[in-house]
Amino acid sequence: MGHPPPLPYDPPPGGALPPPRPARGPGTPVIVLIAAVVAVLLVIGVLAGYLVATGGDGDDPAPASAGPADLREPLTFRLVAQVSAAPCTGGAVTVEGASECYTFGSDELTVRRLEEIRAVPPDPARGSPGWTVRLRLTSADAPRFGELTGKAAQAYADRLPAGRMGMLVGGTLVSEPAQVMQAISGGQVDVQGPADRFTRAYAEGLVRRLTGS
């Protein structure tokens, strides 16, 4: 006769039953797991806050800025009276890389104080491939700047050279004169130029030259 089949509680052939598993307090592993997850989230949160506050690894400080600021060198906006081909003669001036020379007329505005000046990073989506020097004029200079740019806009409509306005620092032209198509009444001025010239170093150097910082 064959052997009867083993009962469900019979020990397995060749050995005894394995020792029972140690008793587990209700919920203990779940509590430990939750505590570990919370700790990780706290670490990630602190790290993320640090990266936002410091800009990553700290090697990319905020661009130069100042304001309100009394300028170390006067800043003058002047309308172009005449445009000529290089080389420049008779008091005409130009900037590196430009093919034209500019003679300025008597229409001008000299600024000795700014509410704010700062270097702004490139924004190709908004048509600014290079760095920008952004100026905010005082409440006293903003209306006068509006009048000057209004005169330039009219000259631009009449196709006259005075439709272009240059910016000079201490008598030195800092960028090619820009065409002014409408009056600027808000008091904010963006000084821009070719991306290979208006680098971060150039924009921040201009800010520091104006403010003496």
Side-chain angles (χ1 to χ4, degrees), residues 67 69 71 73-200 202-207 209-211:
L71 303 184
E73 294 187 78
L75 169 62
T76 302
F77 300 97
R78 301 184 68 179
L79 301 190
V80 173
Q82 184 177 351
V83 180
S84 57
C88 303
T89 59
V93 297
T94 190
V95 293
E96 183 181 355
S99 59
E100 296 177 322
C101 302
Y102 311 97
T103 303
F104 294 97
S106 58
D107 292 310
E108 64 178 46
L109 169 64
T110 297
V111 172
R112 291 181 171 81
R113 180 177 175 82
L114 293 171
E115 289 297 325
E116 181 183 24
I117 176 172
R118 59 191 176 100
V120 179
D123 189 354
R126 297 189 177 184
S128 301
W131 280 73
T132 297
V133 177
R134 180 161 296 165
L135 316 172
R136 187 157 59 89
L137 305 178
T138 65
S139 57
D141 289 328
R144 297 162 59 200
F145 186 75
E147 293 175 4
L148 184 66
T149 53
K151 183 176 290 188
Q154 183 59 55
Y156 171 78
D158 295 337
R159 299 186 178 182
L160 299 175
R164 301 173 73 175
M165 182 175 67
M167 173 177 156
L168 298 92
V169 176
T172 302
L173 186 65
V174 299
S175 64
E176 293 184 70
Q179 292 182 332
V180 181
M181 292 177 282
Q182 62 182 17
I184 302 173
S185 58
Q188 178 175 297
V189 186
D190 285 347
V191 183
Q192 300 174 335
D196 59 348
R197 176 177 173 83
F198 273 70
T199 61
R200 176 170 186 165
Y202 181 82
E204 292 189 330
L206 185 55
V207 171
R209 178 178 173 183
L210 282 165
T211 61

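M181 contributes atom CE, which lies 5.0 Å from atom OH of Y156 (distance to the nearest 0.5 angstrom). If you take CG on L79 and CZ on R164, they are separated by 12.0 Å, rounding to the nearest 0.5 Å. To the nearest 0.5 Å, atom CG of residue D107 and atom CG of residue L148 are 6.5 Å apart. Rounded to the nearest 0.5 Å, atoms CG (L206) and OG1 (T132) are 11.5 Å apart.
When T76, V174, L71, V191 are each tested for a side-chain contact (heavy atoms from CB on, under 4.5 Å) with V169, only one passes: V174. Exactly one of V207, D190, L75 qualifies for a side-chain contact (heavy atoms from CB on, under 4.5 Å) with L135. That residue is L75.
At least one side-chain heavy atom of T172 sits under 4.5 Å from a side-chain heavy atom of R209. Here the side chains of F104 and L173 are in contact, with some heavy-atom distance below 4.5 Å. Using a 4.5 Å cut-off on side-chain heavy atoms (C-beta onward), M167 and V189 make no contact. Side-chain contact check for R144 versus F77: every heavy-atom pair is 4.5 Å or farther apart.
Nearest heavy-atom pair, A155 versus A162, reported as atom, atom and distance to 0.1 Å: CB-C, 3.5 Å. Contact between R134 and V120 at its shortest, heavy atoms only, is CB-CG2, 3.8 Å. Here the closest heavy-atom approach between residue S84 and residue A92 is recorded as OG-CB, 4.4 Å. Scanning both residues, A85 and C101, for their nearest heavy atoms gives O-SG, 3.9 Å. Counting all heavy atoms, side chain and backbone alike, Y102 lies closest to V83 at CD2-CG2, 4.1 Å. Contact between A119 and E204 at its shortest, heavy atoms only, is CB-CG, 3.9 Å.
Side-chain atoms of R78 come within 3.5 Å of backbone atoms of G105 as a donor-acceptor pair (strictly under, hydrogens ignored). At least one donor-acceptor pair closer than 3.5 Å links the side chain of T149 to the backbone N or O of I184. Checking side-chain atoms of T138 against main-chain N and O of E115 turns up no donor-acceptor pair under 3.5 Å.
We find that E176 and R197 are not joined by a salt bridge, their nearest charged nitrogen and carboxylate oxygen being 4.0 Å or further apart.
Within a 6.0 Å radius of CD in Q188, other residues, nucleotides and ligands contribute more than 12 heavy atoms.
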